[in-house]
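First the proteins, then the strands, lettered A, B, ... as listed; each starts at 1.
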2 protein chains.
Amino acid sequence: MRRSSEDTKASILGAARERFAADGYDRTTIRAIAADAAIDPSMVMRYFGNKEKLFAAAADFDLHLPDLSGVPEDRIGATLAAHFVERWEADEALMVLLRTAVTNEDVAGRMREIFASQLGPLAVKLSGDPATAARRAGLVATQMLGLALCRYVLRLPPVVEMTHQDVVGWLGPTLQRYLVGRDG
Amino acid sequence: MRRSSEDTKASILGAARERFAADGYDRTTIRAIAADAAIDPSMVMRYFGNKEKLFAAAADFDLHLPDLSGVPEDRIGATLAAHFVERWEADEALMVLLRTAVTNEDVAGRMREIFASQLGPLAVKLSGDPATAARRAGLVATQMLGLALCRYVLRLPPVVEMTHQDVVGWLGPTLQRYLVGRDG
DNA sequence: GTCTATAATTCGATAGAC
DNA sequence: GTCTATCGAATTATAGAC
């Protein structure tokens, strides 16, 4: 069959995202991606150059943090918790990134950048204290990435079984304290 | 040089733990482990059969959860937080396991077993409520594994810079609420 | 107990025909 | 735009000499 360049590229990217998310970077082969996309392996090379560039294209994403300016001060933690769960379940690129960052130092570096540049400013804005903002952002990351790890990657049954509402109810107060609380 | 069987086995295991922890399962090669142990690759096969069995031997471990019966009720979260950080930094096998569980379904299964069998009973004992114990244990896992992920694997700077005391001060109350709190 | 040699795979990447 | 064919490298694993 004959497809357009754009169709081919898109189907390769889709297959790549699934494979990278399911198997991690090392275990994923260009051959497998090509087979999923029903195309020859050499086409993948033609469009993306090499495996690393294909990964970069598949893992490109944005946290899309919500605008919290209209949210009541005491609902910030809950709002953020709800947003993270939805965002995570909507975009496979996040899992691709987490799975890969664990065994790839370059990707871990990208993850550091993402959280520093997107979560850091939010923490400054919320806590009003630039001195502790970085730490607050880091704490939020530990809880949110920990949830993602246990729920979507390790699939610990009690964590998988929680509804969105359960997650917001339990993690909301935690994030609230990390972002705007006074102790520590 | 001529070494005893035990010496050889021990040095292979040590090298394997370091490699698996540093590079993950897929990236770690038997050849590299053998080189680290200053031995021929075929010796590794001789002693451990194959790569998978070598990994199983290197990742064998125990959470060694502390006895909390003598700890005041309101200090349980802090005690557990302190214990986890110390345990994590003392035993490389934990990082080996986490790094590998992320891209290996069999190992993820072992991780599920470990947390269910070791953290579950603790939650029952503490909360006194078998109905919610599994969920409480799961929540503790999200926060503790999230800390480990950000601090030891992704190495997010603000999380790495926290002292043991900082960790206990911030995460203690979180674990406390997950284990013995009433909301959710 | 240790090593050499090598079999058997698998993979990323390239060249080139159609 | 798509595919065949293949190279070169790396890896697990085995057989067997010393």
Whole-Å distance separating the CE atom of A:Met43 from the C1' atom of D:dA5
17 Å
Between P of C:dG12 and CD1 of A:Ile30, the distance in whole Å
5 Å
Let me see the working for A:Val85 and A:Val168 under side-chain contact (heavy atoms from CB on, under 4.5 Å), right down to the final yes or no.
CA-CA 9 Å; A:Val85 177; A:Val168 171; 5.9 Å; no
Rounding to an integer number of Å, can you tell me how far B:Asp40 CG sits from C:dA5 C1'?
11 Å
Give the residues of residues 45-60 of chain A touching DNA chain D, defined as any heavy atom closer than 4.0 Å, sorted by residue number.
A:Arg46, A:Tyr47
Rounded distance in Å - CZ (B:Arg19) to P (D:dT11):
11 Å
Rounded to whole Å, how long is the line connecting atom CD1 of A:Ile12 with atom P of D:dG1?
11 Å
Salt-bridge test for B:Glu92 and B:Arg19: reply yes if a basic N is under 4.0 Å from a carboxylate O, no otherwise.
no
For A:Phe55 and A:Tyr25, take the angle between the two ring planes, folded into 0 to 90°, and tell me which bin it lands in: parallel under 30, tilted 30 to 60, perpendicular over 60.
perpendicular
Without decimals, in angstroms, what is the distance between A:Arg31 CZ and C:dA13 C1'?
9 Å
Is A:Asp129 salt-bridged to A:Arg136, cutoff N-O under 4.0 Å?
no
Show me the protein contacts with nucleotides 16-18 of chain C, counting only N or O atoms at under 3.5 Å.
none

Would you indicate whether B:Glu52, at its atom CD, is surrounded by more than 12 heavy atoms from other residues, nucleotides or ligands within a distance under 6.0 Å?
no
Taking the six-membered ring of B:Tyr47 as reference, does the NZ or CZ atom of B:Lys53 fall below 6.0 Å from its centre and within a 45° cone about the axis?
no
Electrostatic pair B:Arg155-A:Glu105, nearest N-O below 4.0 angstrom
no
For B:Ile33 and D:dA13, give me the distance from atom CD1 to atom P, rounded to whole Å.
11 Å
Would the number of heavy atoms belonging to other residues, nucleotides or ligands and lying under 6.0 Å from CZ of B:Arg110 be above 12?
yes
